[in-house]
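Here's the structure we're looking at; comments come further down.
Since this is a predicted model, take the numbers as computed values, not measurements.
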Amino acid sequence: MTTVANWNELEQRIGSAVKFSRRPVAVSFLEEIPANVEKFAGSEPSSCSFWRLAATGRVFYTLPENHFNCAVGAYTHNIALSPEREKETGETLKFMFDLGYVKPEEVPQIPRLAKTPTAILYAPLGDTPTAPSVVLFACKPSGAMLLSEAANRAGVASGAPALGRPTCMALPASLQMGAILSLGCIGNRVYTGLGEDEMYFVLRGQDLTAVAEALTTITSANSALQQYAQGRRAELASV
């Protein structure tokens, strides 16, 4: 079993190759309440808001009802809203339909978790006390390029195009298919503070070691190719 020290080592290895503005976030979808982990207390407007808290260093778990403020996040996490709030999903979708943001026929295509989790654990990757289901990397496109190339080399790339809204669908999509690029969405950018020059790369926890190992080759190759391209530009560019 991978220990906390191993997760910390993986965060350090990946972070030495890809510069992050915030710590990678480990998300674990659990069938049982985790022992010796803080239970989230309070309120957040969205499921992705918990990513922001974990990126700052907090380790905690949520229950399904902690996601009731986010009809979209509840949908992608396969969480049924309480009877008194279940109409909010339809109201939220109608609002998006009326804006022209989403078409009704797109909704069935949005990836969802196969099973409702009993609890969801959030932590910085290096501090997670349990094996992560998925890991979220908020990074600039240059960092996403390196991670994507490493995932391809490791044979864990999904082959899917970069995803858009809602951002939270990238989690079940990654579990189903492999490494995922997500451009984010406006709600996520507001709730998490994701920068205009940043995007997400999402990996299954089981693929972290392979991608970290592939990054060694990828970063070395990119360094050599950068020098090669710079030389060709200096030699051949006439304008």
Side-chain angles (χ1 to χ4, degrees), residues 2 7 10-11 13-14 17-18 20 24-31 46-48 50-51 54-55 67 70 72-79 93 101-118 120-123 125 128 130-185 187-189 192 194 198-215 217-218:
T2 305
W7 300 123
L10 284 171
E11 180 176 335
R13 285 177 62 186
I14 296 173
V18 182
F20 301 114
V25 173
V27 182
S28 302
F29 300 111
L30 306 175
E31 296 184 356
S46 70
S47 294
C48 61
F50 300 118
W51 308 355
H67 299 258
C70 184
V72 174
Y75 179 85
T76 61
H77 287 54
N78 202 357
I79 293 171
L93 289 173
Y101 185 64
V102 178
K103 296 179 181 179
E105 58 268 27
E106 293 181 70
V107 175
Q109 301 171 19
I110 296 175
R112 306 179 71 188
L113 293 181
K115 182 180 180 182
T116 303
T118 298
I120 306 175
L121 191 150
Y122 299 87
L125 173 58
T128 183
T130 187
S133 303
V134 292
V135 179
L136 300 152
F137 298 91
C139 51
K140 295 184 183 297
S142 57
M145 174 195 73
L146 293 173
L147 288 168
S148 180
E149 290 176 355
N152 273 300
R153 179 174 178 81
V156 299
S158 66
L163 301 183
R165 76 285 186 270
T167 308
C168 55
M169 72 176 174
L171 279 64
S174 180
L175 286 174
Q176 294 168 18
M177 299 183 286
I180 289 287
L181 280 168
S182 172
L183 302 176
C185 64
N188 175 272
R189 290 179 183 278
T192 68
L194 186 73
E198 294 180 302
M199 60 190 303
Y200 291 105
F201 189 81
V202 186
L203 274 177
R204 294 176 296 204
Q206 67 190 47
D207 298 331
L208 277 169
T209 299
V211 170
E213 292 174 351
L215 265 174
T217 299
I218 290 300

Stepwise side-chain hydrogen bond (donor to acceptor under 3.5 Å, both in side chains) check, T192 with Y200: CA-CA 12 Å; T192 68; Y200 291 105; 3.3 Å; yes
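- Partner V134 forms a side chain to side chain contact (heavy atoms under 4.5 Å, CB included) with one of V25, L171, D207, L203 and no other, that one being L171.
- Separating the CH2 atom in W51 from the CG atom in L136 is a distance of 5.0 Å, to the nearest 0.5 Å.
- Atom CE of M145 sits about 10.5 Å away from atom SG of C139, to the nearest 0.5 Å.
- Other residues, nucleotides and ligands place no more than 12 heavy atoms under 6.0 Å from the CZ atom of R153.
- The heavy-atom pair separating L146 from A17 by the smallest distance is CD1-O, 3.7 Å.
- The shortest non-hydrogen separation linking S47 to A74 is OG-N, 4.2 Å.
- Side chain of T128 to main chain of A123: no donor-acceptor pair is present (N/O by atom type, distance under 3.5 Å, no hydrogens or angles).
- With hydrogens and angles disregarded, a donor-acceptor distance shorter than 3.5 Å links the side chain of R112 to the backbone of Y75.
- Residue H77 comes nearest to I120 through the heavy atom pair CD2-CD1, 3.6 Å, listed as atom of the first residue, atom of the second, then distance.
- The aromatic rings of F201 and F137 sit tilted, their planes meeting at an angle between 30° and 60°.
- For the pair A151 and A179, the tightest heavy-atom approach, listed with the atom from each and the gap, is CB-CB, 3.8 Å.
- Across every non-hydrogen atom of A131 and W7, the tightest pair is CA-CZ2, 3.6 Å.
- In this structure, the separation between OG1 on T118 and CG on L30 is 8.0 Å, given to the nearest 0.5 Å.
- Listed for the S133 side chain is a donor-acceptor partner under 3.5 Å among the backbone atoms of F29.
- Residues M199 and L181 form a side-chain contact, since some pair of their non-hydrogen atoms from C-beta on lies under 4.5 Å apart.
- Judged purely by atom type and a 3.5 angstrom limit, R165 has no side-chain atom pairing as donor or acceptor with the backbone of N188.
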Report the C-alpha distance between C48 and T167 in whole Å, list the side-chain angles of each, state the deciding distance to 0.1 Å, and finish with yes or no for side chain to side chain contact (heavy atoms under 4.5 Å, CB included). CA-CA 8 Å; C48 61; T167 308; 5.9 Å; no
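- Between V72 and P166, the closest heavy-atom pair is CG1-CB, 3.5 Å.
- Expressed to the nearest 0.5 Å, how far CD1 of I14 lies from CG of L147 amounts to 7.0 Å.
- Side-chain atoms of S158 do not come within 3.5 Å of backbone N or O of G178 as any donor-acceptor pair.
- Here CD of E149 is found 5.0 Å from CD1 of I218. Values are rounded to the nearest 0.5 Å.
- Atoms CD and CG, from E213 and L208 in turn, are 11.0 Å apart once rounded to the nearest 0.5 Å.
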